[in-house]
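Working notes for the structure below.
Chain letters run A, B, ... following the sequence lines, proteins first, then strands; residues in each count from 1.
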Protein chains: 2
Amino acid sequence: MKSSTAPSPLRGTQPHCQTCSLNALCLPLSLNDNDMERLDDIIRRGRPIQKGQLLFQQGEPFQSVFAVRTGALKTYTLASNGEEQITGFHLASELVGLAGYNNDFYPLSAKALETTTVCEIPLTQLDELADELPDLRKQLMRTMGTEIRHDQNMMLLLSKKNAEERVASFLMDISTRYARRGFSATHFRLPMSRVDISNHLGLAVETISRVFTRFQKNGLIETQGKEIILQDIDTLNQLAGLVSDDDCGHSDSK
Amino acid sequence: MKSSTAPSPLRGTQPHCQTCSLNALCLPLSLNDNDMERLDDIIRRGRPIQKGQLLFQQGEPFQSVFAVRTGALKTYTLASNGEEQITGFHLASELVGLAGYNNDFYPLSAKALETTTVCEIPLTQLDELADELPDLRKQLMRTMGTEIRHDQNMMLLLSKKNAEERVASFLMDISTRYARRGFSATHFRLPMSRVDISNHLGLAVETISRVFTRFQKNGLIETQGKEIILQDIDTLNQLAGLVSDDDCGHSDSK
DNA sequence: CGGCTTGTTGATAGTGATCAAATTCGGTGG
DNA sequence: CCACCGAATTTGATCACTATCAACAAGCCG
């Protein structure tokens, strides 16, 4: 049995899944103590990644999956003409890289939006463990299923929503994810730049800026640089036409 | 060992994975004979679905995953305002429904584009089998990974490409998938309507129609209703800015 | 053959992109 | 602590792509 002899959160201290405050949200979710320890054994914790640094790059050999411990990442794909599309932002406890499963090479790149620490999970070992721990297998597939639903919601957003609806959807998405982590759902800091937001939402930067100011004039939000306060969640939700990520529109409709 | 006593393709004949011409593309891929038989045992083959019929509907209890045997399906999600976004078309051998994994309810609907037969795989049994057959588990995860990459390519298309590029991408995607099934890559029949295409690509029907005629004038394609001939694949590919679904942009770029 | 759905073509308009410029922010060094 | 520089953001003016509206043609099926 491992003992955590160093309770101080100093750099160099190796944390473990068992004591990680995120284990109820992260991959260990639903694993029993024994299984969690086996997962913990294959995880590598490296030094922090600085803002702007790449965690992995499209085309590199696909070797590991990552879980964000602190900080935030963006993942993006490159079109052959060089244009990039940000496919997602990843906050603490979220898994990055599973999109590449079945590929010898990463099909996307991941870059740190701020100083970020991650747990690295080597693919070969994760793969072996997935065959031995049914709960882990299920959790991996659940994570992939969630990713698919998220991406399909993004397709809907990109193909059917106008600029205001996109921004509202985006804000509510981030809000929900912060709330799930125990942070305020109405007052938070956006870790990404306006350019990143515009890229992700398929809009021009200028449009993001204009919608933000319009929302502010209408009393929906309050912004101060990257700090943001959601003042009228109901209207934002309505604008977003949002269906929360988990109920997937299951309702009495029709 | 099962024997196929009825070689005639009459209705009512129950085919099996072992003898299915699609087993090299479908879920049984990479399973050995023994494993394939166990998978085959849990599969149900029902009567054909007629054009326009629903295979399952968003919000219904999530009970089964399906593999298309013949025909074609579209899957789509509904926004809360009722607008629908077609997230994908599914041809023979392709799996439908995995996007809902981890959900108690289907997060999307599936409708037949033409008379279609499917293999139904009950989720609980598939789930059990996935824990017993490592190859099946890997294949399921590969399928989900492919779906994620496909959806992320769609995000790029919807957010960065103009009308002509979208249509070219679409045509090349369909072409590639037919070719993989042994059909012509240049001469095929689109199973979906123009409206479906426009919805999927985030364009108006009229725009689809106009791009088709423009392509025809420029000698890129030849159309006759749903029949289509690709006459200049190189230019189409270039327009698509396409990166084939499997190499995911791995190249010497940069 | 007639009614209805699907697809095509034309004219116009609107949303958001693009170009240009001003302003603020963030970090750095004096 | 403040001045300064480059980057990020905001604001304004104009343009373009594609949506929308309208009408027509062509399949499709009873």
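The pair B/R214-B/E164 meets the salt-bridge criterion, with a side-chain N (NZ, NE, NH1 or NH2) lying under 4.0 Å from an Asp/Glu carboxylate O.
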For nucleotides 15-18 of chain C, tabulate all protein N/O to nucleotide N/O atom pairs closer than 3.5 Å, reporting atom names and distance.
| unit_1 | atom_1 | unit_2 | atom_2 | d |
| --- | --- | --- | --- | --- |
| C/dG16 | OP1 | A/A163 | N | 2.7 |
| C/dA17 | OP1 | A/A204 | N | 3.0 |
| C/dA17 | OP2 | A/A204 | N | 3.1 |
| C/dA17 | OP2 | A/T207 | OG1 | 2.3 |
| C/dT18 | O4 | A/R210 | NH2 | 3.0 |

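Here the side chains of B/D151 and B/E147 are in contact, with some heavy-atom distance below 4.5 Å. When side chains are defined from C-beta on, A/V65 does not count as touching A/V96, because their heavy atoms never get closer than 4.5 Å. When side chains are defined from C-beta on, B/T77 does not count as touching B/P107, because their heavy atoms never get closer than 4.5 Å.
The separation between B/F215 atom CZ and C/dT8 atom P is 14 Å, rounded to whole Å. Nucleotide C/dG26 holds its C1' atom 11 Å from the NZ atom of A/K226, rounded to whole Å. Residue A/R189 contributes atom CZ, which lies 12 Å from atom C1' of C/dC25 at whole-angstrom precision. Note: CG (B/L190) to C1' (C/dT6) measures 14 Å, nearest angstrom.
Taken from OG in B/S175 to CZ in B/R177, the straight-line distance is 11.0 Å, to the nearest 0.5 Å. A/I174 CD1 to A/R189 CZ: the interatomic distance, rounded to the nearest 0.5 Å, is 12.5 Å.
The aromatic ring centroids of A/F62 and A/F105 lie 6.0 Å or more from each other.
The outermost nucleotides of DNA chain D lying under 4.0 Å from heavy atoms of chain A, listed 5' to 3', are D/dT9 to D/dA13.
At C/dC25, one or more side-chain N or O atoms of A/Q224 fall inside 4.0 Å of OP1 or OP2 (strictly under the cut-off).
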Using residues 85-93 of chain A as the side-chain source, report each donor-acceptor pair under 3.5 Å to any protein atom, sequence neighbours left out, with the distance given to one decimal.
| unit_1 | atom_1 | unit_2 | atom_2 | d |
| --- | --- | --- | --- | --- |
| A/Q85 | OE1 | B/S159 | OG | 2.4 |
| A/Q85 | OE1 | B/K160 | NZ | 2.7 |
| A/T87 | OG1 | A/T75 | O | 3.2 |
| A/T87 | OG1 | A/T75 | OG1 | 3.3 |
| A/H90 | NE2 | A/T75 | OG1 | 2.9 |
| A/S93 | OG | A/R181 | NH1 | 3.0 |

